[in-house]
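Working notes for the structure below.
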Amino acid sequence: YELGAWASDNTAYRAGFGLAALTAFLTLWVNLAVGMLGSGNDIVNLMFAGVLCIAAVGALVAALKPAGMARATAAAAIAQLLAVGVGLAMREFEPLELTLTAMFALPWLASAALFRKAVRDRSHAGKAA
């Protein structure tokens, strides 16, 4: 979060960054503790490391700029849903488990919306100046 606070003084940006950092932390924590799908030993859980990699690489490519961060967190949400789709296709997991795992896409999407708001705030500030 400190990195996000340093990168911008925009409230929406900071909230988006904080939410993305919290989502990444919770994804890692849940995945290491019990596994997002099945048990912690199931190989399918490696897909969620990919979700985190997509978010991290996207943030680096975006150079922490709000428009790029919006794309990176939206891509993480899509990757989260794709991973759930793979789990659904495997037909090994309970519907509730798949639903709860899919819900992890929501904070990624909320973060993307906050970054988009930061982009709009910046463009409105530029027009007012």
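Both backbone and side-chain heavy atoms feed into the values below; hydrogens, waters and symmetry mates do not.
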If you take all heavy atoms of [X] and [Y], which pair is closest and at what distance?
{"X": "R116", "Y": "R71", "result": "NH2-NH1, 4.3 Å"}
{"X": "A79", "Y": "I54", "result": "CB-CD1, 3.5 Å"}
{"X": "P66", "Y": "A118", "result": "CB-CB, 4.1 Å"}
{"X": "S111", "Y": "A20", "result": "OG-CB, 3.5 Å"}
{"X": "A83", "Y": "M47", "result": "O-CE, 3.4 Å"}

Do [X] and [Y] have side chains that approach each other closer than 4.5 Å (heavy atoms only, starting at C-beta)?
{"X": "L114", "Y": "R14", "answer": "no"}
{"X": "Y13", "Y": "D121", "answer": "no"}
{"X": "T27", "Y": "V51", "answer": "no"}
{"X": "F48", "Y": "V30", "answer": "no"}

Are [X] and [Y] connected in the hydrophobic side-chain network, where two residues link if heavy atoms are under 4.5 Å apart?
{"X": "M69", "Y": "V61", "value": "no"}
{"X": "W29", "Y": "V34", "value": "yes"}
{"X": "L106", "Y": "L19", "value": "no"}
{"X": "F93", "Y": "F104", "value": "yes"}
{"X": "L52", "Y": "V57", "value": "no"}

Can you tell me how far the CG atom of L88 sits from the CG atom of L82, to the nearest 0.5 Å?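 If we round to the nearest 0.5 Å, L88:CG and L82:CG are 12.0 Å apart.
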About how many Å separate CE of M103 and CG of L98, when rounded to the nearest 0.5 Å?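 Going from CG on L98 over to CE on M103, the span is 13.0 Å.
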Go through the structure and list residues passing side-chain contact (heavy atoms from CB on, under 4.5 Å) with [X], not counting sequence neighbours.
{"X": "L109", "result": "A77"}
{"X": "L22", "result": "L26"}
{"X": "A112", "result": "T73, A74"}

Count the heavy atoms belonging to other residues, nucleotides or ligands that lie under 6.0 Å from CG of L46, then report whether that count exceeds 12. yes
For atom CE of M90, decide whether the heavy atoms of other residues, nucleotides or ligands shown that lie under 6.0 angstrom number more than 12. yes
Short side-chain to backbone donor-acceptor contact, [X] and [Y], under 3.5 Å:
{"X": "D42", "Y": "V44", "answer": "no"}
{"X": "Q80", "Y": "T101", "answer": "yes"}
{"X": "T23", "Y": "W108", "answer": "no"}
{"X": "N10", "Y": "R122", "answer": "no"}

